[in-house]
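None of the values given here were measured: they were computed from a predicted structure.
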Amino acid sequence: MKRRRLLQSSAAAIGALSTTPLAVGTCHAAAPGRARGGSGEALRVHIVTFDGVEELDVFGPFEVFSVAARAHPVTVKLVTGGEATEVTHSFGTKVAAAAWSPHDADLVVVPGGGFGRRDGPGVWAEIGKGELPSALRAAHEAGVTVLGVCTGVIVLSAAGLTRGRTCTTHHLARSYLAEQGARVVDQRVVDDGDLVTAGGVSSGIDGALWLLERELGSTAATYTESIVEFERRGTVLRTSTASS
């Protein structure tokens, strides 16, 4: 909570200096030390990427946090569960991903993809390798907040993070997630404290905007919404865990 207050005070101070919207072009994260404010703190966001992942699951949140980083204390990094490598997304987009050090993040975004292809690249292949679920488990135990997007929540389930927790996922994967012991609800975004989940594909944008609001305040979220011209849908279900 102390860190969150520091982040919010930094965001408010910087937002007051950023009254002119910036044109949206090539998205980029703030360089280390940029836009951190007097506290020296920034919200460090790591977005996991892997072969077979859905492009929008990755780039929806990436756009949100990268745009926010232009005017607020946020840094964004694309990472992989193993060594640094180039990965190929579901529709052929190739992306360079850095090796992941989970303890260097405040928030980890876990996208999905390939849920319907048991023998191809995607979430099942990552679960089979074991590296990503293990890293996510370690990060969560260290106090990192996790945002699961679409069937990325299935990877969180394999890491043991969803059993007994209230969460959502893509509608085609909800029955499987429930079978694994999660309390699955029909919601676009669910905030269960250190576990935040978003439904199918584009809902990752809603989840990212919600976490901007939760961690940095409404100014950061509304600024980013105005730049990307996105209107959030529905309401966020906040559990008692999230509210405590």
Side-chain angles (χ1 to χ4, degrees), residues 1-49 55-79 95 97-98 100 104-111 139 144-150 152 188-189 191 194 196-198 201-236 238 242:
M1 291 301 293
K2 181 178 179 182
R3 178 173 172 80
R4 183 180 296 175
R5 287 194 295 270
L6 287 171
L7 288 168
Q8 290 174 342
S9 64
S10 296
I14 295 159
L17 297 175
S18 305
T19 57
T20 303
L22 300 176
V24 177
T26 302
C27 295
H28 57 85
R34 176 188 172 192
R36 294 190 181 205
S39 70
E41 298 285 350
L43 179 66
R44 301 167 299 175
V45 181
H46 288 185
I47 302 176
V48 177
T49 185
E55 274 86 343
L56 190 55
D57 283 14
V58 173
F59 292 118
F62 183 80
E63 177 85 5
V64 167
F65 290 117
S66 295
V67 168
R70 293 171 171 174
H72 297 278
V74 182
T75 63
V76 192
K77 187 177 185 180
L78 292 177
V79 299
V95 174
W100 183 28
D104 292 337
D106 301 304
L107 168 64
V108 174
V109 180
V110 184
V144 175
T145 296
V146 179
L147 168 60
V149 177
C150 194
R188 191 162 175 84
V189 178
D191 183 343
D194 57 4
V196 179
T197 53
V201 196
S202 63
S203 61
I205 301 173
D206 297 85
L209 285 165
W210 164 245
L211 279 166
L212 272 182
E213 181 174 332
R214 194 186 87 172
E215 300 299 324
L216 299 181
S218 59
T219 299
T222 55
Y223 163 85
T224 305
E225 281 181 307
S226 70
I227 297 300
V228 301
E229 294 194 357
F230 182 85
E231 294 182 8
R232 283 181 272 180
R233 290 170 50 192
T235 58
V236 176
R238 301 195 75 186

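- In this structure, the side chains of V48 and P111 come closer than 4.5 Å at one or more pairs of heavy atoms.
- Annotation: the span from F65 atom CZ to L209 atom CG amounts to 8.0 Å, rounded to 0.5 Å.
- Looking at residues two or more places apart in sequence or on another chain, you find a side-chain contact (heavy atoms from CB on, under 4.5 Å) between V201 and L56, D57, C150, H170.
- Using a 4.5 Å heavy-atom cutoff, the side chains of F230 and D206 are in contact.
- Minimum interatomic distance between V144 and D106 (heavy atoms only, all atoms of both residues): CG1-O, 3.5 Å.
- Across all their heavy atoms, A98 and K77 have their closest contact at CB-CE, 3.6 Å.
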**Asked** Between V95 and F59, is a side chain to side chain contact (heavy atoms under 4.5 Å, CB included) present by the stated rule, with each step listed?
**Response** CA-CA 11 Å; V95 174; F59 292 118; 3.7 Å; yes
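- Of all heavy-atom pairs between P61 and A208, the closest is CA-CB, 3.9 Å.
- Of the inter-residue distances, the one linking Y223 atom OH with H72 atom NE2 reads 6.5 Å to the nearest 0.5 angstrom.
- Taken to the nearest 0.5 Å, the CG atom of L78 stands 8.0 Å off from the OG atom of S66.
- Looking at heavy atoms from C-beta onward, P73 lies out of side-chain contact with E215 at the 4.5 angstrom threshold.
- Under the side-chain hydrogen bond (donor to acceptor under 3.5 Å, both in side chains) criterion, D194 pairs with H140, R165, sequence neighbours left out.
- The structure places CG of L43 at 7.5 Å from OG1 of T75, a figure rounded to the nearest 0.5 Å.
- Looking at heavy atoms from C-beta onward, V74 lies in side-chain contact with L212 at the 4.5 angstrom threshold.
- From I205, atom CD1 reaches atom CZ of R188 across 8.0 Å, with rounding to the nearest 0.5 Å.
- Remark: S218 pairs with no residue by the side-chain hydrogen bond (donor to acceptor under 3.5 Å, both in side chains) rule, at least two apart or across chains.
- With rounding to the nearest 0.5 Å, the separation of OG1 in T145 from CZ in R214 is 5.0 Å.
- In this view, T49 and H89 satisfy the side-chain hydrogen bond (donor to acceptor under 3.5 Å, both in side chains) rule, not counting sequence neighbours.
- In terms of the side-chain contact (heavy atoms from CB on, under 4.5 Å) criterion, residue partners of T222 (sequence neighbours excluded) are, by chain and number, E225.
- Under the 4.5 Å side-chain criterion, counting only non-hydrogen atoms from C-beta, W210 is in contact with R238.
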